[in-house]
Amino acid sequence: MTRKILHMLGRPRLWSRLRRRHFLWPAAIGIALAVGYNAALPLVISTTDVRPTMERMLDAWSGGKSRITGEPDIRFWPNPTLTLYGATIETTDGTPRTLARIGSITAAFSLLSALRGEPALEDIRLIEPVVTLERGADGTLNWERPRWLAPREPAAANGDTPFGDITIENGRLQVFDRTTNYAREFPGISGTVKWPAFAGRLNAQLSSVIGGQTVSWSLACDEPLTLLAGRNTTLKTSLTSAPLNFSFDGVGNLSMKPFASGRLQVSTASLPALAAWFEGASHEGLPESSFNLNANVTTGDATLKLDDLHLSLGGANATGVLDVAIPADDTPRVEGTLAFDKIDLNGLQPLFVELPVDPEELARHMTDAFARTWRVDVRLSTQEAAIGPLRLTDVAAGVMVDHGRASLDIGDSTYANGRLSGRLVLSEAGLARGGKLALVLKDADLAAAAADFGFAGPVPTGRGSVNLDLATDHPFWTPQAADASGRLTLSLANGKLSEFDANAFSDLVRKGEFFSLSQASSGTFDFQRADIEARFSNGSARLNRATFTGPSGSLSINGVIPYRTGSLALAGTFTDANNAAQRLRFFVGGSWPNAVISPLSVLGEPN
């Protein structure tokens, strides 16, 4: 008998049946328990308690009055979860106004607390909330101050978790300012706010789509109650997007007069892209350039100080200090110093040339927007500066703007191995009415200056000094500015008049025939002293004096140069040192540098 039993137990099929029955029974029992769990708990836990619990929580958060209209939905598998639909938060000032609408609210809860009839809700998820922030004409906000933020209750009791973890999905913020008629909507807000206790650390990570760009914002604060109560506390905040990045790490508050003191960073990869983002349209006039600002910032009563400032604009870098003041009863002002490694003002030309705006209209807008509404006193220095054809080094300058009067002063700089100083003063009538320019260049290499300006033909070279005074009634960046009026004086010592062979020139004049100046360009005329004085007006330069005195003779020229057309109308004399009694007189016509010389004897002869 024993052998038969052992033989039967040893059969594989029998062992398989026993193992299958051993597995199926526990599985069936587990399923039955799960079904019973989900069927029995809703009968034990009342859904009438969860709605007022959530309403009380929303009231405590917001300081308003909450109402939930939808029926609660409770699920116990795989985790106890509550969902409420149709929540509204309104003001409590007697004239109910909607502060927020929430499509649905989902929260996890403790099963034991629910069994006791007091479900403790946590891990709140707000689906499609719409929050309205409005400032009335009297300056008051529509949101009231909640009790937990009142000064008499600076912190909740230990263990209180009024917020916990809150997740926001597809929210929307509506902002209205009745004092300025400003209205803006920020859709697609999603993220998390983690605040486990009043006395605990607050971390917020939110994102939205603004102007077609995804913008992420973060905030971290160890004492959020102190921050929200308008007192100073440490915080970190940042804003990240494709067109603009911003971060602050320091001390601040959110009072009616906000204060901040810490490290500030602002950067953009493209100024045109940033302008287009703010304005909602393309902005092709700005030069393609990056911008980066890094500084210690301190705010005060309508003041902003940027210390240890590091500024990058395009390829230029600067350090310095800036103070900005925007008083309520006075003109805003900017003061400070900036030290650049280089400045290229030529890069601003597209801003004025390519914009589809009338230049004088643009100048009027710039005057109204800045020159008449700001005061500026900023000292500038740079190792290199490019202004038109000028390439300056070791520049010390200052910018002044005061009630419509604006000026740029170059106190000192190096140009063409000489010292250059000057002043640009804008008209008090505004940028559209031009201004005045004065430049003084001392002991400079005028050959290098002539090469920078692209002068061709016979030009005086050597070391000398130049004084230039110009005035125009048109914006400086417009072609009409070429009609400027003014005066130019030039003095040189021990130099040369290039491409001018004095002997060949005098021989051609004596022949009494017309000839091209290029026929006497194979040599140079050495001079001991040269003096030039000219006046400008209405597109023409009147050459009052141009004298060159050297060992081989003297040359004197005067007349009119209509530089709009490049033509010449000059009269001159040449005295050969070997024959001082004979003065060769001639007329210069044609265009520069292809001048045509007419000896006076030819002009005086009858046909």
Side-chain angles (χ1 to χ4, degrees), residues 244 246 248 250 252 257-268 271 274-275 278 286-287 289-314 316-345 347-348 351-352 362-382 385 387 395-413 422-432 435 475-477:
L244 178 67
F246 166 92
F248 173 80
K257 296 181 179 179
F259 169 80
S261 177
R263 197 66 186 175
L264 171 70
Q265 289 183 305
V266 181
S267 66
T268 179
L271 285 175
L274 178 61
F278 273 106
L286 282 174
S289 173
S290 60
F291 173 82
N292 187 288
L293 184 147
N294 192 328
N296 289 330
V297 59
T298 302
T299 65
D301 187 9
T303 62
L304 171 68
K305 182 173 183 178
L306 299 175
D307 198 3
D308 189 21
L309 170 65
H310 294 265
L311 175 68
S312 296
L313 180 61
N317 302 296
T319 59
V321 176
L322 286 179
D323 292 320
V324 182
I326 310 179
D329 55 352
D330 200 358
T331 305
R333 66 181 183 274
V334 179
E335 299 175 345
T337 61
L338 288 175
F340 286 85
D341 58 350
K342 59 182 178 180
I343 298 176
D344 186 359
L345 296 182
L348 297 178
L351 176 62
F352 305 110
L362 174 63
R364 282 190 290 271
H365 285 307
M366 293 176 64
T367 299
D368 294 337
F370 186 78
R372 291 200 180 113
T373 57
W374 283 82
R375 293 171 58 192
V376 177
D377 184 2
V378 177
R379 304 302 172 184
L380 302 174
S381 65
T382 179
I387 309 173
V395 182
V399 177
M400 296 283 293
V401 178
D402 188 5
H403 294 89
R405 297 185 297 271
S407 64
L408 169 64
D409 291 272
I410 301 177
D412 190 25
S413 66
R423 192 179 197 205
L424 173 64
V425 180
L426 300 180
S427 171
E428 293 187 20
L431 291 173
F476 282 96
W477 58 85

Could you tell me the separation between the [atom1] atom of [X] and the [atom2] atom of [Y], rounded to the nearest 0.5 Å?
{"X": "L293", "Y": "L322", "atom1": "CG", "atom2": "CG", "answer": "8.5 Å"}
{"X": "S381", "Y": "L338", "atom1": "OG", "atom2": "CG", "answer": "8.5 Å"}
{"X": "L306", "Y": "N294", "atom1": "CG", "atom2": "CG", "answer": "10.5 Å"}
{"X": "K305", "Y": "D323", "atom1": "NZ", "atom2": "CG", "answer": "5.5 Å"}
{"X": "D307", "Y": "L264", "atom1": "CG", "atom2": "CG", "answer": "12.5 Å"}

Of the non-hydrogen atoms in [X] and [Y], which two are nearest, and what is the gap between them?
{"X": "S413", "Y": "V395", "answer": "CB-CG2, 3.8 Å"}
{"X": "R423", "Y": "S407", "answer": "NH2-OG, 3.7 Å"}
{"X": "L311", "Y": "F340", "answer": "CD2-CZ, 4.5 Å"}
{"X": "P332", "Y": "P327", "answer": "CA-CD, 4.2 Å"}
{"X": "T382", "Y": "I343", "answer": "OG1-N, 3.6 Å"}
{"X": "T298", "Y": "S261", "answer": "OG1-OG, 3.7 Å"}

For the backbone of D308 and the side chain of N296, can you confirm whether one donor and one acceptor N or O come within less than 3.5 Å of each other?
no
Please confirm whether the backbone N or O of R379 pairs with a side-chain atom of T337, one donor and one acceptor, at under 3.5 Å?
no
Flag side-chain contact, heavy atom, 4.5 Å: [X] against [Y]:
{"X": "L271", "Y": "L313", "result": "yes"}
{"X": "V297", "Y": "F248", "result": "yes"}
{"X": "Q265", "Y": "N292", "result": "no"}

